[in-house]
Amino acid sequence: MAENSKRRGLMLILSSPSGAGKTTLSRRLLEEDKETLLSISMTTRGPRPGEVNGEDYIFVTREEFDRRIQNNEFLEYANVFGNLYGTLKKDVDKILENGEDILFDIDWQGTQQILQKKSSDVVSVFILPPAISALRERLLSRGQDTVEQIEERMKTAHGELSHWPEYTYILVNRDFDKTLEEIKSILRAERKKRTRQPRLVNLVKSLMVQKI
């Protein structure tokens, strides 16, 4: 950990079925909380309109992705609707050691892999929709997927929902601003955990030797 770091960083994971609002929540959180950085995933899918390589995702070929799997370079990776997504271990380790937080917008598969490797650094949040119909409405309104892709995402929604008990915090996204504030509250509390503030040990030792 860097000498000027007051605490160890954490990994904030936001997961949800497609269309429950986690991506929009992630973007707003990053805008308003400057202590949190976005984990930039590597992916084999092509960029969507407006996406920038190295900022939204790192776009690579399937061959390049497979090579990195063989070299054990990923903290987690998953196949999502036919495309591979993954997080590089070296990038995450550097951020955590510098006392910064990383936001992950990933699914339950990636979450399970990270929990197996770095559970003490993880804060996991699952976002539930208020109703299944809300998922379809949000997918249609964002205009990024074909009708066939939307139907495929809707079919997998129930399977994704079944993994909600694996997360520490569960939020129902009925009101966007309220849900965002709830995420911020979770983040503030988790940053204050004793295990994430190593400098407290020396502070307490110095207090114990002081005369009363």
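Heavy atoms only: backbone and side chains are in, while hydrogens, waters and symmetry mates are out. Fair warning: this is a prediction, and the values are worked out from it, not measured in the lab.
Of the charged side-chain nitrogens involved, at least one lies within less than 4.0 Å of a carboxylate oxygen, so that Glu64 and Arg67 count as a salt-bridged pair. Salt bridge annotation for Lys117-Glu76: absent, with no cationic side-chain nitrogen under 4.0 angstrom from a carboxylate oxygen. The pair Arg48-Asp56 does not count as a salt bridge, with every side-chain nitrogen at least 4.0 angstrom from each carboxylate oxygen. Taking 4.0 Å as the cut-off between side-chain N and carboxylate O, Arg8 and Glu100 do not count as a salt-bridged pair. Residues Glu51 and Arg45 are paired through a salt bridge, judged by an N-O separation under 4.0 Å between the basic side chain and the carboxylate.
Annotation: side chain of Glu190 is in contact with side chain of Arg196 (closest heavy-atom distance under 4.5 Å). With a 4.5 Å cut-off on side-chain heavy atoms, Ile114 and Thr111 do not count as touching.
The CG atom of Leu128 sits 11.5 Å away from the CD atom of Glu160 when rounded to the nearest 0.5 Å. In this structure, CG in Asp121 is found 8.0 Å from CG in Leu10, a value given to the nearest 0.5 Å. From Leu180, atom CG reaches atom CD of Glu32 across 5.5 Å, with rounding to the nearest 0.5 Å. Here the straight-line distance linking atom OG of Ser39 with atom OH of Tyr57 works out to 10.0 Å at 0.5 Å rounding. Distance check: Thr36 OG1 to Asp33 CG gives 3.5 Å after rounding to the nearest 0.5 Å. A distance of 10.0 Å separates CG in Leu96 from CZ in Arg7, rounded to the nearest 0.5 Å.
Cation-pi contact between Arg68 and Phe74: absent, since separation from the ring centre below 6.0 Å together with deviation from the ring axis within 45° is not met.
Below 30°, between 30° and 60°, or above 60°: for Phe65 and Tyr77 the angle between ring planes is above 60°, a perpendicular geometry.
Within 6.0 Å of the CZ atom in Arg194, the count of heavy atoms belonging to other residues, nucleotides or ligands does not exceed 12.
When each of Leu12, Val122, Ile13 is paired with Phe104, the side-chain contact (heavy atoms from CB on, under 4.5 Å) condition holds for Ile13 and for no other.
Under 3.5 Å, the side chains of Arg27 and Thr24 contain no donor-acceptor pair of N or O atoms.
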Requested in this report: Let me see the working for Asp101 and Arg191 under salt bridge (Lys or Arg N to Asp or Glu O under 4.0 Å), right down to the final yes or no.
Outcome: CA-CA 9 Å; Asp101 301 327; Arg191 284 170 175 165; 2.7 Å; yes
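Scanning both residues, Leu115 and Glu166, for their nearest heavy atoms gives CD1-O, 4.4 Å.
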